[in-house]
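Everything on this sheet refers to the single structure shown next.
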Amino acid sequence: MRQVAILGSTGSIGVNTLDVIRAHPDRFQVVALTAGKQVDRLAEQCAEFRPAIAVVSDAEDAARFEKLLCDQNIDTQVMYGPQALVSAVTESGCDTVMAAIVGAAGLVPTLAAAKAGKRVLLANKEALVMSGNLFMEAMKLGGGELLPIDSEHNAIFQCLPVQFTKTPHSNLGVEELWLTASGGPFRNTPLEQLNTITPEQACAHPNWVMGRKISVDSATMMNKGLELIEAFWLFGLPLEKIKVLIHPQSVVHSMVRYRDGSVIAQLGQPDMRTPIAYGLAWPDRIDAGVAPLSLTQLASLSFAEPDLERFPCLALAFEAAKAGGTAATVLNAANEIAVAAFLDEGLPYLQIPAIVEKVLHAIPAVNADSIELILDIDEQARAVAREHAQASIKNH
Ligand code: NAD
Ligand code: MG
């Protein structure tokens, strides 16, 4: 029986994780759930799954949450604040952690899971992008298992030989990783229309239902940029061997090209319950509640090179990946601030790449060798990005 802690249980990945767990009570027990602000949803989840620990953001939410639990006689221990997210990992008795908080807020508890030797199911790509080397070292020292949940990386993991993590990729004949990308809702939108894009349009992804931040990242293709950096750290191939391919149907979730001419792909419905179930039960395969894929009902599968002019965020991510060190931390922080300003404060859509570019060029990359330094650079980059965002909103 796996004991599972879910960081970010009220989000899109969190809810899908509970959906898979719900169908397999003989395999999984939920021991900790955490949420940012959605206290009512978290209380419903606690009523159903009865975790030992539940975490909310602050004291005020905790008081309201505690009352909701008390009214239903639920004896889950309530905690709050960033340090409590770490406690949910280290004190709940979990052996498996679903890292599904969005953004930098997930870094410290996910790193705690890595250090503690847990099976880490990594959805929170920003945590790995920010801390790359440090995170992979923590995984190695902790001795746990890192299983990618992001659909592309999960696909690649499925297409690699099982001995991959223990044998150099060159000995196994792995030549290239091909990350597929849908191209998002604006793949064919005339460029001159992009500046009037609204948050609702940006969040209406053609194939996937996801949280708002990752939906905007998919529209700008910063998501694929973050995924490129994620793949670099997860699989240890040189950057030039990781390629991005536009594949609008989102059926081929990614591919591995081998030396002998073979290309191995993983296909499936665009439903995150497939990679979630794979990570939860690995190396077993369990029912994920996903409809079977019918190839004969697909009109076609097509592939194309990404257009870096249309998607400058992808080019910026390539640039940060090449620069190495803290460049990816800066890229991620600037993007988080710009996307939040676009979603909530009226920042024009095309200012997202403009702000990321300015911040990336304002803060020189240094070696990312301690968590303190990474958090400090993250804070600096956010401050610079906020200034630019405020100025753009005022001028608009
Ligand atoms: P979401 O916005 O739906 O959910 C985010 C979760 O994190 C919620 O439970 C929220 O309460 C919590 N949270 C947010 N800010 C917090 C904070 N400051 N402190 C504590 N908790 C906080 O996001 P999502 O779509 O589920 O994505 C989660 C992560 O998974 C992201 O990193 C995303 O890139 C990645 N991911 C998501 C999908 C998907 O299909 N949704 C696919 C691949 C990867
Ligand atoms: Mg993905």
Side-chain angles (χ1 to χ4, degrees), residues 5-19 32-42 44-45 54-58 61-62 65 79-89 98-110 120-130 147-157 179-184 203 205 207-218 220-231 234 244 247 250 252-254 266 268-276 279 332 335-336 339-340 343 378 382:
I6 306 178
L7 301 170
S9 66
T10 55
S12 165
I13 294 287
V15 167
N16 277 307
T17 304
L18 287 173
D19 195 57
L33 295 175
T34 86
K37 284 279 158 205
Q38 301 104 318
V39 168
D40 295 292
R41 185 179 273 184
L42 186 66
E44 283 166 26
Q45 293 178 342
V55 178
V56 294
S57 285
D58 55 35
D61 283 343
F65 181 57
M79 302 173 89
Y80 65 88
Q83 192 51 39
L85 295 172
V86 174
S87 303
V89 168
M98 170 56 80
I101 290 176
V102 59
L107 172 60
V108 171
T110 307
V120 179
L121 307 181
L122 186 74
N124 180 200
K125 66 193 85 182
E126 296 93 343
L128 181 60
V129 166
M130 290 173 73
L147 299 175
I149 297 303
D150 212 348
S151 59
E152 298 75 4
H153 307 73
N154 188 272
I156 289 171
F157 186 81
L179 289 174
T180 54
S182 70
C203 289
H205 196 278
N207 307 338
W208 298 91
V209 182
M210 310 179 285
R212 279 160 70 80
K213 192 260 178 185
I214 185 177
S215 297
V216 177
D217 285 349
S218 300
T220 63
M221 282 194 78
M222 179 58 92
N223 184 49
K224 212 51 53 180
L226 299 175
E227 291 185 358
L228 172 88
I229 300 170
E230 182 184 13
L234 283 173
V244 172
H247 167 50
S250 299
V252 176
H253 295 315
S254 278
Q266 187 259 355
Q269 300 279 7
D271 187 322
M272 288 307 292
R273 289 175 301 176
T274 295
I276 289 168
N332 177 66
N335 182 59
E336 283 193 31
V339 171
L343 284 173
D378 173 74
R382 278 166 201 271

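Remember, it's 1-based here, ligands and their atoms both numbered in the order they're listed.
- Taking each of Ala105, Gly14, Pro82 in turn, the one with a heavy atom nearest to atom 17 (C) of ligand 1 proves to be Ala105.
- For atom 6 (C) of ligand 1, the candidate residues are Pro148, Gly81, Ala100; the nearest heavy-atom contact is made by Ala100.
- For the pair Pro275/Asp150, no side-chain contact is recorded, criterion being any heavy-atom separation below 4.5 Å from C-beta on.
- At least one heavy atom of Ala35 sits closer than 4.0 Å to an atom of ligand 1.
- If you check each of Leu85, Thr10, Leu42 against atom 9 (O) of ligand 1, the one with the closest non-hydrogen atom is Thr10.
- Residues Asp19 and Arg273 are in side-chain contact: their nearest non-hydrogen atoms beyond the backbone lie under 4.5 Å apart.
- No donor-acceptor pair closer than 3.5 Å links the side chain of Ser254 to the backbone N or O of Ala155.
- Here the heavy atom of the protein found nearest to atom 14 (C) of ligand 1 is Val102 CG1, 3.8 Å.
- Protein heavy atom closest to atom 33 (C) of ligand 1, with residue, atom name and distance, is Ile214 CD1, 3.8 Å.
- Scanning all protein heavy atoms for the shortest distance to atom 41 (N) of ligand 1 gives Ser12 OG, 3.2 Å.
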Give the C-alpha distance, both sets of side-chain angles, the deciding distance and a yes or no for side-chain contact (heavy atoms from CB on, under 4.5 Å) between Ser151 and Trp208. CA-CA 11 Å; Ser151 59; Trp208 298 91; 3.8 Å; yes

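- His153 and Glu227 are not linked by any side-chain donor-acceptor pair at a separation below 3.5 angstrom, with hydrogens and angles left out of the test.
- Side chains of Gln38 and Thr10: a donor-acceptor N/O pair is present below 3.5 angstrom, by distance only.
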Determine whether Asp217 and Lys125 satisfy the following criterion, salt bridge (Lys or Arg N to Asp or Glu O under 4.0 Å), listing intermediate values before the conclusion. CA-CA 12 Å; Asp217 285 349; Lys125 66 193 85 182; over 6 Å; no

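- Looking only at side-chain heavy atoms (C-beta outward), Ile149 and Leu122 stay at 4.5 Å or farther from each other.
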side-chain contact (heavy atoms from CB on, under 4.5 Å) evaluation trace for Met272 with Met210: CA-CA 9 Å; Met272 288 307 292; Met210 310 179 285; 6.0 Å; no

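- Nearest to atom 42 (C) of ligand 1 by heavy atom, out of Glu152, Met272, Arg273, is Met272.
- For ligand 1, the atoms lying closer than 4.0 Å to a non-hydrogen atom of Gln38 are 10 (C), 11 (O).
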Given the rule in the side-chain contact (heavy atoms from CB on, under 4.5 Å) test, do Leu85 and Ile101 qualify, once you have shown the distances and angles that lead to the verdict? CA-CA 10 Å; Leu85 295 172; Ile101 290 176; 3.9 Å; yes

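- Residue, atom and distance of the protein heavy atom nearest to atom 27 (O) of ligand 1 are Ile13 CG1, 4.2 Å.
- Checking side-chain atoms of His247 against main-chain N and O of Leu179 turns up no donor-acceptor pair under 3.5 Å.
- Compare Lys37, Met98, His205, Glu126 by their heavy atoms: the one nearest to atom 31 (C) of ligand 1 is in Glu126.
- The protein atom (non-hydrogen) at minimum distance from atom 29 (C) of ligand 1 is Ile101 O, 3.8 Å.
- In the vicinity of Ala123, heavy-atom distances shorter than 4.0 Å reach the ligand 1 atoms 30 (O), 32 (O), 35 (C), 36 (N), 44 (C).
- Closest approach between the Mg ion (ligand 2) and any N/O/S atom of Glu152 involves OE1.
- Protein heavy atom in closest approach to atom 25 (O) of ligand 1: Gly211 N, 2.8 Å.
- Summary of contacts: the protein heavy atom closest to atom 4 (O) of ligand 1 is Gly11 CA, 3.1 Å.
- Taking the Mg ion (ligand 2) as the apex, the angle formed with OE2 of Glu227 and OD1 of Asp150 is 90°, to the nearest 10 degrees.
- At under 3.5 Å, a nitrogen or oxygen of Gly8, whether backbone or side chain, sits near a nitrogen or oxygen of ligand 1.
- Here the heavy atom of the protein found nearest to atom 44 (C) of ligand 1 is Asp150 OD1, 3.5 Å.
- Side-chain contact, Ser182 with His205: a donor N or O sits under 3.5 Å from an acceptor N or O.
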